Amino acid sequence: PSPKAEPFKQWLSQVGYDRMLEIENPELAQERMKLLYEQKGYPKDWIDKRLRGIAIRQNLTDEWKKRGITEERDFAILTAEISKATFGMTPSQYKEFKGLTKKNQNLRDHMDDLELIFTMLGERVTTEISQKEQPETFQESKKIARRGGNVAGIARKETEKELGRPVSNTSNFLPKSDSDNDLLTSANNEEN
């Protein structure tokens with residue numbers, strides 16, 4: 001009944017209504033995510049890659065679920081296999097390499113275009129191989145994850161030869177600060 005509570009209740013009601021609309025029309029959720037990234041200062045072409053990467057990641061996790069992989073730990077192990085083969089680092093090592101110390105800092109939000117592209121390539125190739133071979137065990141999926149990441153790793157190394165510089169870099173897309181908090185963390189948690 002407090003007058004201070006009324007604006008909060010109205011806001012909460014609006015958020016609930018917006019999420020219900022997003023359930024009916026997922027494109028609205030994607031537009032909201034674009035807006036959040038724009039508000040954090042990312043350019044539109046980077047946002048498009050990031051959103052495409054999220055879709056590719058979702059396809060991969062759906063494929064793993066079809067293969068009976070359901071544990072968060074197993075997803076992390078498979079993701080680490082792809083990342084090691086692609087970049088020579090697990091996601092946690094990559095975060096350390098980039099100087100990301102806060103738990104809520106999403107590694108992919110601090111990758112540049114090429115880093116995102118090679119991440120997507122490793123995950124997409126892994127999905128394709130898994131769909132083709134239909135592994136029945138976790139160990140088979142782990143080998144496929146390594147193979148998919150290896151394809152991206154070979155492409156990364158060739159790119160580095162052509163560019164004369166490493167693809168992986170310590171710079172972050174946005175400055176690390178307290179304002180770089182977790183507006184997007186809940187949408188991206190499974191990627192870390």
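Nothing here was measured: the structure is a model prediction, and the numbers come from that model.
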Undergrad: Apply ring pair (Phe, Tyr, Trp, His ring centres under 6.0 Å) to F87 and list each qualifying residue two or more places apart in sequence or on a separate chain.
TA: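 Partners of F87 under the ring pair (Phe, Tyr, Trp, His ring centres under 6.0 Å) test: Y94.
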Undergrad: For E96, does the CD atom sit with more than 12 other heavy atoms under 6.0 Å from it, leaving out its own atoms?
TA: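 Check fails, neighbour count at 12 or below.
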Undergrad: Once salt bridge (Lys or Arg N to Asp or Glu O under 4.0 Å) is applied, what residue pairs with a partner in residues 132-147 remain, sequence neighbours excluded?
TA: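 Listed by first then second residue: E81-R146, E133-R147.
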Undergrad: Report yes or no: does W46 contribute a side-chain atom to a donor-acceptor pair with the main-chain N or O of M111 at less than 3.5 Å?
TA: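 Between the backbone of M111 and the side chain of W46 there is a qualifying donor-acceptor contact (under 3.5 Å).
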Undergrad: Look up atom CG in N104 and atom CG in D109, then write down how far apart they are to the nearest 0.5 Å.
TA: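 Answer rounded to 0.5 Å: 10.5 Å.
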Undergrad: Can you confirm whether T127 sits close enough to W64 that some side-chain heavy atom of one is under 4.5 Å from a side-chain heavy atom of the other?
TA: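 SC-SC contact between T127 and W64 ruled out.
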Undergrad: Any side-chain to backbone donor/acceptor pair from T86 onto T119? Under 3.5 Å, distance only.
TA: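 It does not hold such a pair.
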Undergrad: Has K66 got a side-chain atom pairing as donor or acceptor with Q134's backbone, closer than 3.5 angstrom?
TA: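 Here the side-chain-to-backbone pair does not exist.
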Undergrad: Please examine the side chains of D113 and D45, heavy atoms only from C-beta on, and report whether any two atoms are closer than 4.5 Å.
TA: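 Yes - at least one pair of side-chain heavy atoms lies under 4.5 Å apart.
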Undergrad: Treating K98 as the side-chain partner and S171 as the backbone partner, does any N or O pair qualify as donor plus acceptor under 3.5 Å?
TA: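 Yes, K98 side chain to S171 backbone: donor-acceptor pair under 3.5 Å.
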Undergrad: For D62, give me all partners under side chain to side chain donor-acceptor pair (under 3.5 Å), at least two apart in sequence or on another chain.
TA: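 By the side chain to side chain donor-acceptor pair (under 3.5 Å) rule, D62 matches Q58.
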Undergrad: Using side chain to side chain donor-acceptor pair (under 3.5 Å) as the criterion, list what pairs up with S130, not counting sequence neighbours.
TA: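 Side chain to side chain donor-acceptor pair (under 3.5 Å) check on S130 returns E63.
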Undergrad: CD1/I56 to OG1/T61 distance, rounded to the nearest 0.5 angstrom?
TA: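 The distance works out to 12.0 Å.
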Undergrad: State the CG-CG distance between L121 and L114, to the nearest 0.5 angstrom.
TA: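 Spacing of CG (L121) from CG (L114) equals 11.5 Å.
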Undergrad: Should M120 and I154 be regarded as members of a common hydrophobic cluster, given that ILVMFWY residues are connected when their side-chain heavy atoms come within less than 4.5 Å of each other, either directly or indirectly?
TA: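 Each belongs to a different hydrophobic cluster.
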Undergrad: Residues two or more places apart in sequence or in another chain: which of them pass side chain to side chain donor-acceptor pair (under 3.5 Å) with S92?
TA: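 With sequence neighbours excluded, S92 shows a side chain to side chain donor-acceptor pair (under 3.5 Å) to T90, given in chain and number order.
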Undergrad: Look at atom CD of E162 and say whether more than 12 heavy atoms of other residues, nucleotides or ligands are closer to it than 6.0 Å.
TA: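 No - once you tally the heavy atoms of other residues, nucleotides and ligands closer than 6.0 Å, there are 12 at most.
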Undergrad: Determine the minimum heavy-atom distance between H110 and N106, stating which atoms define it.
TA: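 H110 and N106 have their closest heavy atoms at CD2-O, 3.3 Å.
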Undergrad: Measure the spacing between CZ of R67 and CG of L78 and express it to the nearest 0.5 Å.
TA: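 Result: 13.0 Å between the selected atoms.
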Undergrad: Answer whether the closest heavy-atom distance between the side chains of T79 and R57 falls below 4.5 Å.
TA: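 In short, these two side chains touch, coming nearer than 4.5 Å.
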Undergrad: About how many Å separate CZ of R52 and CD1 of I54, when rounded to the nearest 0.5 Å?
TA: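 Interatomic distance, I54 CD1 to R52 CZ, rounded to 0.5 Å: 11.5 Å.
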Undergrad: Holding to side chain to side chain donor-acceptor pair (under 3.5 Å), I want the full list of residues that pass it with E160, two or more places apart in sequence or in another chain.
TA: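 Side chain to side chain donor-acceptor pair (under 3.5 Å) check on E160 returns R156.
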Undergrad: Rounded at 0.5 Å granularity, tell me how far CG in D74 sits from CD1 in I69.
TA: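 Rounded to the nearest 0.5 Å, the CG-CD1 separation comes out at 6.5 Å.
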Undergrad: Testing the basics here: between V167 and E115, what is the closest heavy-atom pair and its distance to 0.1 Å?
TA: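 Where V167 meets E115 most closely, the heavy atoms are O-CG, 3.7 Å.
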Undergrad: Before accepting this row, confirm whether a basic side-chain N of the pair K65/E71 lies closer than 4.0 Å to the acidic partner's carboxylate O.
TA: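 Looking at K65 and E71, the cut-off is not met.
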Undergrad: For the residue pair K102 and K95, what are the closest heavy atoms and their distance?
TA: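 Reported closest heavy-atom pair: O-NZ, 3.9 Å.
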Undergrad: Could you tell me if R50 and Y42 have a donor-acceptor pair between their side chains, going purely by distance under 3.5 Å?
TA: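 No.
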Undergrad: Can you tell me if T126 uses its side chain to pair, donor with acceptor, with the backbone of G122 under 3.5 Å?
TA: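 A pair under 3.5 Å: yes.
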